[in-house]
Amino acid sequence: MASPALAHDELVGTDLLANESDGTVQALELSFSNSIITVGTEIIVTGPADASASDGKPSVAGPVVTQRLLPDLAEGTYTVAWRVVSSDGHPIEGGFVFFVESDGSADPDQIASIEDDPRSGDDEGSSASEATSDEAGSSGMPLG
């Protein structure tokens with residue numbers, strides 16, 4: 001008897017969490033199609049001049065992974081590289097970019113997926129040209 005095929009979980013949404021009083025970006029949130037295994041979760045956020053913008057380690061709550069960001073982010077483009085362990089035990093990874101305005105705010109509708117790296121050999125990644133803020137897809141981007 002054949003066993004059922006297991007599919008890796010997928011990133012189904014990304015969001016930028018802002019301070020209610022002044023609109024400055026405080027964290028980013030990644031939502032997956034299933035609960036994520038806590039071990040192996042890593043999110044690297046770099047800003048202008050490749051400075052780290054992460055504040056502490058990411059937190060995992062079922063299918064939602066949250067990464068706090070440093071206060072008073074400088075204006076510019078921020079790159080996010082993420083890696084989590086899918087509920088089936090396999091690592092999945094991806095990346096996206098967002099832009100912080102001079103007042104510290106960012107438009108969550110302007111999150112853009114990073115193109116798949118053809119060298120990764122991963123045929124399961126989504127096409128970045130079709131990705132939106134709700135599906136900033138997988139890439140072969142190395143972490144850490």
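If you read the sequence from its start, that first residue is 1, and numbering goes on from there.
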Counting only heavy atoms not in D72 (residues, nucleotides, ligands), do more than 12 fall under 6.0 Å from its CG?
no
Indicate every side-chain donor-acceptor pair of residues 43-59 with a distance under 3.5 Å to a residue at least two apart or in another chain.
residue	atom	partner	partner atom	Å
S54	OG	V45	N	3.3

Can you measure from OG (S35) to CG (D9) and round to the nearest 0.5 angstrom?
8.0 Å
Pairwise side-chain contact, I36 with V85, heavy-atom cut-off 4.5 Å (strictly under):
no
In terms of hydrophobic clusters joined by side-chain contacts under 4.5 Å, are L70 and V80 together?
yes
Is a side-chain N or O of T24 found less than 3.5 angstrom from the main chain of N19, in a donor-acceptor match?
no
Go through F98 and L28 one step at a time and tell me if the side-chain contact (heavy atoms from CB on, under 4.5 Å) criterion holds.
CA-CA 10 Å; F98 64 95; L28 39 102; 3.7 Å; yes
From Q67 CD over to E42 CD, what is the distance, rounded to the nearest 0.5 angstrom?
10.0 Å
With hydrophobic residues grouped by side-chain heavy-atom distances under 4.5 Å, do V60 and V84 end up in a single group?
yes
Could you measure the distance from the CZ atom of R83 to the CD1 atom of I92? Nearest 0.5 Å is fine.
11.5 Å
Ignoring hydrogens and geometry, is there a side-chain-to-backbone donor-acceptor pair from T79 to V97 under 3.5 Å?
no
Output for pair (S87 OG, F32 CZ), nearest 0.5 Å, gives 11.0 Å
T14 side chain near E29 side chain, heavy-atom distance below 4.5 Å:
no
Separation between CG of N34 and CG of D88, rounded to the nearest 0.5 Å:
9.0 Å
Taking all atoms of both residues into account, what is the closest heavy-atom pair of A27 and R68, and its distance?
CB-CA, 3.9 Å
Can you tell me which residue pairs pass the ring-ring contact (aromatic ring centres under 6.0 Å, His included) test with a partner in residues 33-75, sequence neighbours excluded?
none
Nearest 0.5 Å, what's the CG-CZ distance between L16 and F96?
7.0 Å
